[in-house]
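Notes follow the structure.
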Amino acid sequence: MAEAAHAMNDLTPIRWTGDALEVLDQRELPWRETWIPCASPEEVARTIRDMAVRGAPAIGITAAYGMALALRGPGGPGKLREAAEAAARTLAATRPTAVNLAWAIDRMLRVVVSSLSGGRDAATIRRRAEAEATAIHEEDVAMNKRLGRHGAELLPHECTVLTHCNAGALATGGYGTALGVIRAAVEAGKDVRVLADETRPYLQGARLTAWELARDGIPVSVICDSMAGSILRTGEVQAVIVGADRIAANGDTANKVGTYPLAVLAARHNVPFYVAAPSSTLDRCTARGEDIPIEERSAEEVHVVAGTRMTPPGVPARHPAFDVTPAELISAVVTEDGVFRAPYVFDRRCGER
(Lines give C-alpha, C1' and ligand atoms only; values in the text may rest on other atoms or scores of the structure.)
Protein backbone atom coordinates (compact mmCIF):
# COMPACT_ATOMS: atom_id res chain seq x y z
CA MET A 1 0.00 0.00 0.00
CA ALA A 2 2.78 2.45 0.90
CA GLU A 3 4.46 1.77 -2.43
CA ALA A 4 1.24 2.58 -4.31
CA ALA A 5 0.83 5.85 -2.40
CA HIS A 6 4.43 6.84 -3.10
CA ALA A 7 3.79 6.40 -6.81
CA MET A 8 1.09 9.10 -6.61
CA ASN A 9 3.32 11.76 -5.07
CA ASP A 10 3.66 13.53 -8.42
CA LEU A 11 -0.08 13.93 -9.04
CA THR A 12 -0.80 17.59 -9.73
CA PRO A 13 -3.80 19.49 -11.10
CA ILE A 14 -1.56 22.17 -12.68
CA ARG A 15 1.13 21.91 -15.37
CA TRP A 16 3.36 24.76 -16.53
CA THR A 17 4.80 24.20 -19.99
CA GLY A 18 6.91 27.35 -20.14
CA ASP A 19 4.57 28.84 -22.73
CA ALA A 20 1.17 28.17 -21.18
CA LEU A 21 -0.58 26.80 -18.13
CA GLU A 22 -2.53 23.55 -18.32
CA VAL A 23 -5.25 22.95 -15.72
CA LEU A 24 -6.78 19.54 -15.06
CA ASP A 25 -10.54 20.05 -15.41
CA GLN A 26 -11.82 18.67 -12.11
CA ARG A 27 -15.41 19.07 -13.23
CA GLU A 28 -14.81 16.12 -15.55
CA LEU A 29 -13.38 13.77 -12.90
CA PRO A 30 -13.64 10.87 -12.29
CA TRP A 31 -15.08 10.13 -15.73
CA ARG A 32 -12.33 11.62 -17.89
CA GLU A 33 -9.04 13.48 -17.54
CA THR A 34 -9.17 16.67 -19.60
CA TRP A 35 -6.55 19.44 -19.52
CA ILE A 36 -7.49 23.07 -20.21
CA PRO A 37 -4.76 25.21 -21.83
CA CYS A 38 -4.56 28.80 -20.55
CA ALA A 39 -2.55 31.48 -22.32
CA SER A 40 -3.85 34.59 -20.52
CA PRO A 41 -4.82 35.70 -17.01
CA GLU A 42 -8.43 35.94 -18.16
CA GLU A 43 -8.43 32.27 -19.16
CA VAL A 44 -6.78 31.35 -15.86
CA ALA A 45 -9.40 33.36 -13.95
CA ARG A 46 -12.16 31.46 -15.75
CA THR A 47 -10.78 28.08 -14.63
CA ILE A 48 -10.77 29.30 -11.02
CA ARG A 49 -14.19 30.96 -11.10
CA ASP A 50 -15.86 28.01 -12.85
CA MET A 51 -14.34 25.39 -10.51
CA ALA A 52 -12.19 23.64 -13.12
CA VAL A 53 -9.46 24.08 -10.51
CA ARG A 54 -10.38 24.33 -6.81
CA GLY A 55 -8.83 24.02 -3.38
CA ALA A 56 -7.16 27.01 -1.73
CA PRO A 57 -3.48 26.11 -2.39
CA ALA A 58 -4.19 25.06 -6.00
CA ILE A 59 -6.11 28.28 -6.61
CA GLY A 60 -3.17 30.31 -5.35
CA ILE A 61 -0.67 28.45 -7.52
CA THR A 62 -2.89 28.76 -10.58
CA ALA A 63 -3.23 32.51 -10.00
CA ALA A 64 0.54 32.84 -9.68
CA TYR A 65 0.99 31.32 -13.12
CA GLY A 66 -1.80 33.60 -14.37
CA MET A 67 0.23 36.56 -13.17
CA ALA A 68 3.26 35.26 -15.06
CA LEU A 69 1.18 34.92 -18.23
CA ALA A 70 0.05 38.54 -17.87
CA LEU A 71 3.63 39.68 -18.47
CA ARG A 72 3.92 37.92 -21.84
CA GLY A 73 2.60 40.89 -23.83
CA PRO A 74 4.72 43.48 -25.63
CA GLY A 75 6.01 46.63 -23.99
CA GLY A 76 8.62 47.86 -21.58
CA PRO A 77 8.79 47.66 -17.79
CA GLY A 78 6.08 50.28 -17.28
CA LYS A 79 3.62 48.26 -19.34
CA LEU A 80 4.48 45.17 -17.35
CA ARG A 81 3.44 46.82 -14.12
CA GLU A 82 0.12 47.86 -15.63
CA ALA A 83 -0.43 44.33 -16.94
CA ALA A 84 0.44 42.77 -13.57
CA GLU A 85 -1.89 45.06 -11.65
CA ALA A 86 -4.76 44.46 -14.09
CA ALA A 87 -4.24 40.68 -13.87
CA ALA A 88 -4.15 40.91 -10.08
CA ARG A 89 -7.56 42.58 -10.05
CA THR A 90 -9.04 40.03 -12.44
CA LEU A 91 -7.70 37.01 -10.57
CA ALA A 92 -8.47 38.32 -7.07
CA ALA A 93 -12.14 38.76 -7.99
CA THR A 94 -12.67 35.09 -8.81
CA ARG A 95 -13.12 33.51 -5.33
CA PRO A 96 -13.16 35.57 -2.11
CA THR A 97 -12.77 32.97 0.65
CA ALA A 98 -9.50 31.21 -0.21
CA VAL A 99 -6.75 33.37 1.31
CA ASN A 100 -4.04 31.60 -0.71
CA LEU A 101 -5.36 33.44 -3.76
CA ALA A 102 -4.53 36.90 -2.40
CA TRP A 103 -1.31 35.59 -0.86
CA ALA A 104 0.02 34.30 -4.19
CA ILE A 105 -1.06 37.38 -6.12
CA ASP A 106 0.62 39.69 -3.59
CA ARG A 107 3.80 37.64 -3.75
CA MET A 108 3.89 37.87 -7.53
CA LEU A 109 3.24 41.63 -7.45
CA ARG A 110 6.14 42.10 -5.06
CA VAL A 111 8.46 40.36 -7.51
CA VAL A 112 7.36 42.67 -10.33
CA VAL A 113 7.63 45.83 -8.23
CA SER A 114 11.02 44.94 -6.74
CA SER A 115 12.36 44.07 -10.20
CA LEU A 116 11.15 47.40 -11.55
CA SER A 117 12.73 49.22 -8.61
CA GLY A 118 15.98 47.45 -9.37
CA GLY A 119 15.94 48.68 -12.95
CA ARG A 120 15.52 45.24 -14.50
CA ASP A 121 14.62 44.96 -18.16
CA ALA A 122 11.34 43.45 -19.34
CA ALA A 123 12.83 40.06 -20.26
CA THR A 124 14.39 39.70 -16.82
CA ILE A 125 11.14 40.64 -15.09
CA ARG A 126 9.27 38.00 -17.07
CA ARG A 127 11.83 35.34 -16.17
CA ARG A 128 11.71 36.31 -12.51
CA ALA A 129 7.92 36.13 -12.46
CA GLU A 130 7.89 32.68 -14.04
CA ALA A 131 10.53 31.49 -11.59
CA GLU A 132 8.48 32.84 -8.67
CA ALA A 133 5.31 31.09 -9.81
CA THR A 134 7.24 27.83 -10.18
CA ALA A 135 8.73 28.34 -6.72
CA ILE A 136 5.26 28.85 -5.21
CA HIS A 137 4.18 25.56 -6.82
CA GLU A 138 7.24 23.59 -5.68
CA GLU A 139 7.14 25.06 -2.18
CA ASP A 140 3.52 24.02 -1.78
CA VAL A 141 4.31 20.38 -2.56
CA ALA A 142 7.24 20.43 -0.13
CA MET A 143 5.08 22.04 2.59
CA ASN A 144 2.37 19.45 2.09
CA LYS A 145 4.84 16.61 2.53
CA ARG A 146 6.20 18.14 5.73
CA LEU A 147 2.76 18.78 7.20
CA GLY A 148 1.77 15.27 6.16
CA ARG A 149 4.59 13.82 8.24
CA HIS A 150 3.60 15.95 11.25
CA GLY A 151 -0.04 14.97 10.94
CA ALA A 152 0.69 11.28 10.44
CA GLU A 153 2.05 11.14 13.99
CA LEU A 154 -1.44 11.98 15.30
CA LEU A 155 -2.98 8.83 13.82
CA PRO A 156 -2.94 5.43 15.55
CA HIS A 157 -1.31 2.50 13.77
CA GLU A 158 -4.71 1.18 12.68
CA CYS A 159 -7.49 3.68 12.13
CA THR A 160 -10.44 4.88 10.13
CA VAL A 161 -10.34 8.55 9.15
CA LEU A 162 -13.33 10.63 8.05
CA THR A 163 -12.73 13.54 5.69
CA HIS A 164 -14.88 16.16 3.97
CA CYS A 165 -14.55 17.73 0.51
CA ASN A 166 -11.21 17.15 -1.24
CA ALA A 167 -7.98 18.29 0.38
CA GLY A 168 -5.67 16.13 -1.65
CA ALA A 169 -3.21 16.54 -4.49
CA LEU A 170 -6.03 17.92 -6.63
CA ALA A 171 -6.61 20.78 -4.19
CA THR A 172 -2.93 21.69 -3.93
CA GLY A 173 0.25 21.73 -5.95
CA GLY A 174 0.49 18.00 -5.26
CA TYR A 175 0.37 15.43 -2.42
CA GLY A 176 -2.35 17.21 -0.43
CA THR A 177 -3.10 18.54 3.05
CA ALA A 178 -5.71 16.36 4.77
CA LEU A 179 -4.99 13.59 2.28
CA GLY A 180 -1.30 14.39 2.64
CA VAL A 181 -1.60 13.36 6.29
CA ILE A 182 -3.27 10.13 5.22
CA ARG A 183 -0.66 9.48 2.51
CA ALA A 184 2.20 10.10 4.95
CA ALA A 185 0.64 7.76 7.50
CA VAL A 186 0.32 5.01 4.87
CA GLU A 187 3.91 5.60 3.76
CA ALA A 188 4.95 5.21 7.40
CA GLY A 189 3.37 1.76 7.43
CA LYS A 190 0.09 2.58 9.16
CA ASP A 191 -3.14 0.83 8.25
CA VAL A 192 -5.49 3.68 7.34
CA ARG A 193 -9.00 3.40 5.97
CA VAL A 194 -10.90 6.47 4.80
CA LEU A 195 -14.54 7.49 4.80
CA ALA A 196 -15.15 10.32 2.34
CA ASP A 197 -18.20 12.54 2.74
CA GLU A 198 -19.78 12.96 -0.70
CA THR A 199 -19.76 16.76 -0.08
CA ARG A 200 -22.87 18.20 -1.66
CA PRO A 201 -23.53 20.10 -3.79
CA TYR A 202 -20.34 19.77 -5.85
CA LEU A 203 -19.49 16.19 -4.75
CA GLN A 204 -15.77 16.82 -4.27
CA GLY A 205 -15.57 13.90 -1.85
CA ALA A 206 -17.47 11.41 -3.98
CA ARG A 207 -15.77 12.40 -7.22
CA LEU A 208 -12.28 13.64 -6.30
CA THR A 209 -11.23 12.27 -2.91
CA ALA A 210 -12.47 8.80 -3.79
CA TRP A 211 -10.71 8.99 -7.18
CA GLU A 212 -7.38 10.06 -5.65
CA LEU A 213 -7.35 7.49 -2.87
CA ALA A 214 -8.51 4.65 -5.12
CA ARG A 215 -5.62 5.46 -7.46
CA ASP A 216 -3.30 5.33 -4.45
CA GLY A 217 -4.60 1.96 -3.37
CA ILE A 218 -5.76 3.42 -0.04
CA PRO A 219 -9.07 1.88 1.11
CA VAL A 220 -11.85 4.46 0.76
CA SER A 221 -15.62 4.35 1.02
CA VAL A 222 -17.97 7.18 0.11
CA ILE A 223 -20.76 8.13 2.51
CA CYS A 224 -23.57 10.66 2.21
CA ASP A 225 -22.93 13.80 4.26
CA SER A 226 -25.94 13.01 6.44
CA MET A 227 -24.46 9.63 7.44
CA ALA A 228 -21.46 11.06 9.31
CA GLY A 229 -23.20 11.49 12.67
CA SER A 230 -24.49 7.95 12.97
CA ILE A 231 -21.13 6.52 11.87
CA LEU A 232 -19.22 8.65 14.39
CA ARG A 233 -21.57 7.43 17.08
CA THR A 234 -20.55 3.80 16.48
CA GLY A 235 -16.91 4.48 17.42
CA GLU A 236 -15.71 3.30 14.00
CA VAL A 237 -13.88 6.57 13.29
CA GLN A 238 -10.67 7.47 15.15
CA ALA A 239 -10.07 10.91 13.59
CA VAL A 240 -11.64 13.53 11.35
CA ILE A 241 -9.19 15.39 9.10
CA VAL A 242 -10.13 18.28 6.81
CA GLY A 243 -8.33 20.99 4.88
CA ALA A 244 -8.96 24.73 5.04
CA ASP A 245 -9.46 27.69 2.74
CA ARG A 246 -8.66 30.27 5.42
CA ILE A 247 -7.60 30.11 9.07
CA ALA A 248 -8.21 33.28 11.09
CA ALA A 249 -5.76 34.58 13.68
CA ASN A 250 -7.72 32.97 16.52
CA GLY A 251 -7.83 29.56 14.83
CA ASP A 252 -11.39 29.78 13.47
CA THR A 253 -11.34 27.97 10.14
CA ALA A 254 -13.30 28.37 6.90
CA ASN A 255 -13.66 25.22 4.86
CA LYS A 256 -16.15 23.66 2.45
CA VAL A 257 -19.71 23.98 3.70
CA GLY A 258 -20.60 20.99 5.85
CA THR A 259 -17.34 21.10 7.81
CA TYR A 260 -18.82 22.93 10.80
CA PRO A 261 -21.58 20.37 11.53
CA LEU A 262 -18.98 17.61 11.13
CA ALA A 263 -16.84 19.31 13.81
CA VAL A 264 -19.85 19.55 16.11
CA LEU A 265 -20.55 15.85 15.64
CA ALA A 266 -16.91 14.93 16.23
CA ALA A 267 -16.91 16.89 19.50
CA ARG A 268 -20.16 15.25 20.60
CA HIS A 269 -18.65 11.79 20.08
CA ASN A 270 -15.13 12.58 21.41
CA VAL A 271 -13.42 12.06 18.05
CA PRO A 272 -10.42 14.36 17.42
CA PHE A 273 -11.03 16.93 14.68
CA TYR A 274 -7.87 18.02 12.83
CA VAL A 275 -7.34 20.80 10.28
CA ALA A 276 -4.39 20.38 7.88
CA ALA A 277 -3.20 23.37 5.84
CA PRO A 278 0.04 25.05 4.75
CA SER A 279 1.06 28.29 6.45
CA SER A 280 -0.05 30.20 3.33
CA THR A 281 -3.64 29.47 4.45
CA LEU A 282 -3.15 31.30 7.77
CA ASP A 283 -4.69 34.77 7.69
CA ARG A 284 -3.32 36.70 10.64
CA CYS A 285 -4.95 39.90 9.38
CA THR A 286 -8.42 38.43 9.96
CA ALA A 287 -9.06 38.28 13.68
CA ARG A 288 -11.87 35.73 13.81
CA GLY A 289 -14.10 33.55 11.72
CA GLU A 290 -16.99 36.02 11.62
CA ASP A 291 -14.75 38.31 9.55
CA ILE A 292 -14.00 35.76 6.82
CA PRO A 293 -15.89 36.49 3.58
CA ILE A 294 -18.07 33.54 2.59
CA GLU A 295 -18.57 32.98 -1.12
CA GLU A 296 -22.17 32.54 -2.22
CA ARG A 297 -22.14 30.48 -5.41
CA SER A 298 -24.84 29.92 -7.99
CA ALA A 299 -28.02 28.23 -6.78
CA GLU A 300 -27.94 26.18 -9.99
CA GLU A 301 -25.17 24.08 -8.44
CA VAL A 302 -27.72 23.02 -5.81
CA HIS A 303 -30.65 22.60 -8.20
CA VAL A 304 -28.79 20.52 -10.81
CA VAL A 305 -26.84 17.29 -10.23
CA ALA A 306 -25.00 15.70 -13.18
CA GLY A 307 -27.17 17.61 -15.64
CA THR A 308 -30.48 16.69 -13.99
CA ARG A 309 -32.57 19.21 -12.10
CA MET A 310 -33.45 17.81 -8.67
CA THR A 311 -35.72 20.56 -7.31
CA PRO A 312 -39.22 21.76 -8.30
CA PRO A 313 -39.44 24.68 -10.74
CA GLY A 314 -39.73 28.05 -9.03
CA VAL A 315 -38.31 26.87 -5.69
CA PRO A 316 -35.23 28.93 -4.72
CA ALA A 317 -32.00 27.48 -3.33
CA ARG A 318 -29.04 28.81 -1.33
CA HIS A 319 -25.39 27.97 -1.85
CA PRO A 320 -22.95 29.39 0.70
CA ALA A 321 -19.83 27.51 -0.45
CA PHE A 322 -18.05 27.55 2.92
CA ASP A 323 -18.78 27.56 6.62
CA VAL A 324 -16.66 28.51 9.65
CA THR A 325 -15.62 26.08 12.37
CA PRO A 326 -14.81 27.77 15.71
CA ALA A 327 -11.33 27.13 17.08
CA GLU A 328 -12.80 25.55 20.20
CA LEU A 329 -13.98 22.58 18.10
CA ILE A 330 -10.57 22.03 16.47
CA SER A 331 -8.31 19.53 18.25
CA ALA A 332 -5.20 20.68 16.35
CA VAL A 333 -4.08 22.62 13.30
CA VAL A 334 -1.32 20.89 11.32
CA THR A 335 1.01 22.95 9.12
CA GLU A 336 4.47 22.33 7.69
CA ASP A 337 5.82 23.93 10.87
CA GLY A 338 4.24 21.36 13.18
CA VAL A 339 1.11 20.63 15.19
CA PHE A 340 -0.61 23.58 16.90
CA ARG A 341 -3.23 23.35 19.62
CA ALA A 342 -5.43 25.96 21.29
CA PRO A 343 -4.82 28.72 22.15
CA TYR A 344 -3.52 29.19 18.62
CA VAL A 345 -0.51 31.49 18.43
CA PHE A 346 1.23 31.55 15.07
CA ASP A 347 4.71 32.92 14.45
CA ARG A 348 4.25 35.74 11.96
CA ARG A 349 2.48 39.02 12.46
CA CYS A 350 -0.32 40.44 10.32
CA GLY A 351 0.91 41.42 6.88
CA GLU A 352 3.92 39.08 6.90
CA ARG A 353 3.97 36.17 4.48
Quiz item: Of the non-hydrogen atoms in L91 and A63, which two are nearest, and what is the gap between them?
Solution: CD1-O, 3.6 Å
Exercise. May I ask you to test the V324-T253 pair for a side-chain heavy-atom distance under 4.5 Å?
Key: no
Exercise. To the nearest 0.5 Å, tell me how far R126 CZ sits from D121 CG.
Key: 9.0 Å
Quiz prompt | Partners passing salt bridge (Lys or Arg N to Asp or Glu O under 4.0 Å) against E198 (at least two apart in sequence or in another chain) | solution = none
Exercise. Might you work through the salt bridge (charged side-chain N to carboxylate O under 4.0 Å, His left out) test for E300 and R309, ending with a clear yes or no?
Key: CA-CA 9 Å; E300 285 301 299; R309 189 176 183 91; 3.6 Å; yes
Practice problem: Decide whether I231 and L162 are clustered together by the hydrophobic rule: side chain heavy atoms of Ile, Leu, Val, Met, Phe, Trp, Tyr closer than 4.5 Å, transitively. | Solution: yes
Quiz prompt | Audit row: L80, E82, side chain to side chain contact (heavy atoms under 4.5 Å, CB included) steps and yes/no | solution = CA-CA 5 Å; L80 293 188; E82 291 178 11; over 6 Å; no
Exercise. Kindly give the heavy-atom pair with the smallest separation between A210 and V222, and that separation in Å.
Key: CB-CG2, 3.7 Å
Exercise. State the CD-CZ distance between E295 and F322, to the nearest 0.5 angstrom.
Key: 5.5 Å
Self-check item: S115 side chain to V111 backbone, donor-acceptor under 3.5 Å
Solution: yes
Practice problem: Report the C-alpha distance between D245 and T281 in whole Å, list the side-chain angles of each, state the deciding distance to 0.1 Å, and finish with yes or no for side chain to side chain contact (heavy atoms under 4.5 Å, CB included). | Solution: CA-CA 6 Å; D245 285 76; T281 305; 5.7 Å; no
Self-check item: I223 reachable from V240 in the ILVMFWY side-chain graph, under 4.5 Å edges
Solution: yes
Quiz item: Rounded to the nearest 0.5 Å, how far does OG1 of T172 lie from CG of N144?
Solution: 4.5 Å
Practice problem: Could you tell me whether a side-chain N or O of E301 sits under 3.5 Å from a main-chain N or O of H319, the two making a donor and an acceptor? | Solution: no
Self-check item: T209 and N166: CA distance, side-chain angles, deciding distance, side-chain hydrogen bond (donor to acceptor under 3.5 Å, both in side chains) verdict
Solution: CA-CA 5 Å; T209 294; N166 170 265; 3.2 Å; yes
Self-check item: A169 to Y175 - nearest heavy-atom pair and separation
Solution: CB-N, 3.4 Å
Quiz item: Hey, are Q26 and R54 close enough side-chain-wise for a donor-acceptor pair under 3.5 Å?
Solution: yes
Quiz item: Among the clusters formed by ILVMFWY side chains lying less than 4.5 Å apart, do L109 and L101 turn up in the same one?
Solution: yes
Self-check item: Residues which pass ring-ring contact (aromatic ring centres under 6.0 Å, His included) with Y65, listed by chain and number, not counting sequence neighbours
Solution: W16, H137
Self-check item: Sub-4.5 Å side-chain heavy-atom contact between I14 and L24
Solution: no
Practice problem: Could you list the residues that satisfy salt bridge (Lys or Arg N to Asp or Glu O under 4.0 Å) with E33, not counting sequence neighbours? | Solution: R215
Practice problem: Report the C-alpha separation of S279 and E336 in whole Å, then their side-chain angles, then the decisive distance to 0.1 Å, and conclude whether the side-chain hydrogen bond (donor to acceptor under 3.5 Å, both in side chains) test is met. | Solution: CA-CA 7 Å; S279 58; E336 74 276 12; 2.5 Å; yes
Exercise. Run the salt-bridge test on R72 and E130 with the 4.0 Å N-O cut-off and return the result as yes or no.
Key: yes
Practice problem: Output yes when a side-chain donor or acceptor of E43 lies under 3.5 Å from a complementary backbone atom of A39, and no otherwise. | Solution: yes
Quiz prompt | Salt bridge R146-E139, side-chain N to carboxylate O under 4.0 Å | solution = no
Exercise. Flag the pair K190 and E158 as a salt bridge only when some basic side-chain nitrogen lies within less than 4.0 angstrom of an acidic carboxylate oxygen.
Key: no
Quiz prompt | side-chain contact (heavy atoms from CB on, under 4.5 Å) against P37, all qualifying residues, sequence neighbours excluded | solution = none
Quiz item: In terms of hydrophobic clustering (I, L, V, M, F, W, Y; side-chain heavy atoms under 4.5 Å; direct or indirect links), are L154 and V186 co-clustered?
Solution: yes
Quiz item: Got a second to check how far D106's CG is from M108's CE, nearest 0.5 Å?
Solution: 11.5 Å
Exercise. Answer whether the closest heavy-atom distance between the side chains of D197 and T163 falls below 4.5 Å.
Key: no
Exercise. Provide the closest heavy-atom pair for A277 versus T177 in the form atom of the first, atom of the second, distance.
Key: CA-CG2, 4.1 Å
Quiz item: Looking at OG1 of T90 and CZ of R46, how far apart are the two atoms once the value is rounded to the nearest 0.5 Å?
Solution: 11.0 Å
Exercise. Under the side-chain hydrogen bond (donor to acceptor under 3.5 Å, both in side chains) rule, what do R233 and S230 come out as? Steps first, then yes or no, please.
Key: CA-CA 5 Å; R233 186 179 184 183; S230 58; over 6 Å; no
Quiz item: Between R207 and Y202, is any pair of side-chain heavy atoms under 4.5 Å apart?
Solution: yes
Quiz item: What's the shortest heavy-atom distance between D225 and T199, and which atoms?
Solution: OD1-N, 2.7 Å
Exercise. Measure across P156 and C159 and return the closest heavy-atom pair with its distance rounded to 0.1 Å.
Key: CG-CB, 3.6 Å
Quiz item: Between V333 and I247, is a side chain to side chain contact (heavy atoms under 4.5 Å, CB included) present by the stated rule, with each step listed?
Solution: CA-CA 9 Å; V333 173; I247 301 174; 3.9 Å; yes
Quiz prompt | Carboxylate-amine/guanidinium contact D283 R246, below 4.0 Å | solution = yes
Quiz item: Do L69 and V23 belong to the same hydrophobic cluster, where Ile, Leu, Val, Met, Phe, Trp and Tyr are linked whenever their side-chain heavy atoms lie under 4.5 Å apart, directly or via other members?
Solution: yes
Quiz item: Short question: side chain of R297, backbone of A321 - any donor-acceptor pair under 3.5 Å?
Solution: no
Exercise. Would you indicate whether the side-chain heavy atoms of R49 and R95 approach each other to under 4.5 Å?
Key: no
Self-check item: Min side-chain heavy-atom separation I294-D323 under 4.5 Å
Solution: no
Below 3.5 Å, can you tabulate the donor-acceptor pairs from side chains in residues 257-276 to any protein atom, sequence neighbours excluded?
unit_1, atom_1, unit_2, atom_2, d
T259, OG1, N255, ND2, 2.8
T259, OG1, K256, O, 2.7

Quiz item: Which distance, rounded to the nearest 0.5 Å, do you find between the OG of S280 and the CG of N100?
Solution: 4.0 Å
Self-check item: Check: T286 side chain, R288 main-chain N or O, donor-acceptor pair, under 3.5 Å
Solution: no
Quiz prompt | Derivation of the salt bridge (charged side-chain N to carboxylate O under 4.0 Å, His left out) call for E212 and R183 | solution = CA-CA 11 Å; E212 277 198 41; R183 285 189 170 96; 2.6 Å; yes
Exercise. With sequence neighbours excluded, tell me which residues meet side-chain contact (heavy atoms from CB on, under 4.5 Å) with E28.
Key: D25, R32, T34
Self-check item: Cationic N near anionic O, under 4.0 Å, E85 to R81
Solution: yes
Quiz prompt | Min side-chain heavy-atom separation R107-I105 under 4.5 Å | solution = no
Quiz prompt | Non-hydrogen side-chain atoms of E153 and R149 separated by less than 4.5 Å | solution = no
Quiz item: Taking it one step at a time, do R200 and V305 satisfy side chain to side chain contact (heavy atoms under 4.5 Å, CB included)?
Solution: CA-CA 9 Å; R200 278 281 293 145; V305 178; 3.3 Å; yes
